[in-house]
2 protein chains.
Amino acid sequence: MKTAQNAPIHLTRQRRLVLDILRESKEHLDADTLHQKAKARNAKISLATIYRSLAALREARLVQEHRLGDNHAHFEPARDPLHHHFTCLKCGRIVEFRSPQVMKAVRVFCTREKLELVDVRLELHGYCPACRPA
Amino acid sequence: MKTAQNAPIHLTRQRRLVLDILRESKEHLDADTLHQKAKARNAKISLATIYRSLAALREARLVQEHRLGDNHAHFEPARDPLHHHFTCLKCGRIVEFRSPQVMKAVRVFCTREKLELVDVRLELHGYCPACRPA
DNA sequence: GATAAAATGAGAATAATTATCATTCTCAAA
DNA sequence: TTTGAGAATGATAATTATTCTCATTTTATC
């Protein structure tokens, strides 16, 4: 049985490219946008490879996947410390935030339950000041 | 606080049915399973109506949507206090937990940033004791 | 260099969700 | 009670996101 957990990632040209684009853009890119940007630099890269690279990079903890408002995934390079997102339900604006308290509480819970934590995803939804009702 | 966004929901027979099934099952049902269960009680209910009902119920804060491991949504009735989920990446087991500390930190952040909070979704991924590598 | 394993590209296939549209239901005003 | 407007529904088509297949290419190992 393979322990995908500790598999060192093989950083191929395509995976490197995907990671580089994510790191440079510092935005929450989705697979399709990533594909566009990748093609702009590399005539031949398949959307399937984008997805496969993202899966491998995520497995290696180099990228994080998020589910913001819409029903497709967004990705960003894993930064330390982790941060979280608030998405405005009306205008889609994203506000990022960090919270040592949240991370602490999560770690305490995982330790107590003997859970090995790979990924933390805290997503808030609501209305930003401009969109909240009077 | 009554707001423009959360118009009072019109609890039609179909929406009531969807909500009842969720409340009775106390599980994390996906749209398709919900459709099966609904059809078992009501000869005529469309999958589209399931989705529309879920959207309306979510808007009314009566149900919560989650993105657990697989790439489709799961739903459960909104319970108070909110709870969160840890999903094992290998076996899919779900461990629920509550955390006043997390909720407190979230509320402090939203107050400070003048954000109106509608939904909190904290999802942890990793390996459960049975699946974590030696 | 030979060979096995892994990664890739292209596009088909699948799954999840949303859109369309004709019909039905709800409810307030006449 | 009728009626008319707007909302909800059912059936299904359409769209979107993601995964799969398979032939080919690249990389790692001997």
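Lettering of chains follows the sequences in order, A, B, ..., and the numbering in each one begins at 1. Scope of the values below: all heavy atoms of this structure, side chains included, with no hydrogens, waters or symmetry mates.
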Think Thr12(B) has a side-chain N or O under 4.0 angstrom from the OP1 or OP2 of dA7(D)?
-> no
Does OP1 or OP2 of dA7(C) have a side-chain N or O of Arg13(A) closer than 4.0 Å?
-> no
Per Arg52(B) side chain, nearest of listed nucleotides dA7(C), dT20(C), dT18(D) = dT20(C)
At under 4.0 Å between heavy atoms, what does Ile45(A) touch on the DNA or RNA strands: base, sugar-phosphate, or nothing?
-> sugar-phosphate
Separation of dG11(C) P from Ile50(A) CD1 (nearest whole Å) | 16 Å
Quick one: Asp32(A) CG to dT18(D) C1', roughly how many Å, whole number?
-> 12 Å
Taking atom C1' of dC25(C) as reference, at what distance in whole Å does atom CZ of Arg16(B) sit?
-> 18 Å
Are OP1 or OP2 of dT18(D) and a side-chain N or O of Arg67(A) less than 4.0 angstrom apart?
-> yes
Whichever of Ala73(B) and Ala48(A) has the more 5' nearest nucleotide on DNA chain C, that residue is Ala48(A)
With the threshold set at 4.0 Å, does a side-chain nitrogen-carboxylate oxygen contact exist between Arg41(A) and Asp20(A)?
-> no
Starting at atom CD of Glu65(A), determine the distance to atom P of dA17(D), rounded to an integer number of angstrom.
-> 14 Å
Under 4.0 angstrom between His10(A) side-chain N/O and dT27(D) OP1 or OP2 = no
Atom-to-atom span, CG of Leu47(A) to P of dC20(D) - whole angstrom = 14 Å
Whole Å only: how far is the CG atom of Asn71(B) from the C1' atom of dC20(D)?
-> 13 Å
Does Ser46(A) get its side chain close enough to the base of dA10(C), under 3.5 Å, for a donor-acceptor pair?
-> yes
His72(B) NE2 to dA17(D) P: how many Å, rounded?
-> 18 Å
Examine dG10(D): is either OP1 or OP2 under 4.0 Å from a nitrogen or oxygen in the side chain of Gln14(B)? Give yes or no.
-> yes
Length of the line joining Lys39(A):NZ and dG9(C):P, which is rounded to integer Å = 12 Å
Going by the side chain to side chain contact (heavy atoms under 4.5 Å, CB included) test, name the single residue among Leu117(B), Leu122(B), Leu115(B), Leu82(B) that passes it with Val106(B).
-> Leu117(B)
In terms of side-chain heavy atoms of Tyr51(B), which of dT18(D), dT8(C), dA16(C) is nearest?
-> dA16(C)
State whether Arg107(B) and Glu116(B) are salt-bridged, where the test is any N-O pair (Lys NZ or Arg NE/NH1/NH2 against Asp/Glu carboxylate O) under 4.0 Å.
-> no
Listed nucleotide nearest any side-chain atom of Lys44(A), set dT9(D), dA10(C), dA8(D) = dA10(C)
Residue among Arg98(B), His83(B), His84(B) satisfying side chain to side chain contact (heavy atoms under 4.5 Å, CB included) with Met103(B) | His84(B)
CD-CZ distance between Gln14(A) and Arg16(A), expressed to the nearest 0.5 angstrom | 12.5 Å
Please name the residue in the list Ile45(A), Val18(A), Asp30(A) that meets the side chain to side chain contact (heavy atoms under 4.5 Å, CB included) test with His35(A).
-> Ile45(A)
Report yes if at least one side-chain N or O of Thr49(B) is closer than 4.0 Å to OP1 or OP2 of dG10(D); otherwise report no.
-> yes
Among dT17(C), dT18(D), dA28(D), find the nucleotide with the atom closest to the side chain of Ala31(A).
-> dT18(D)
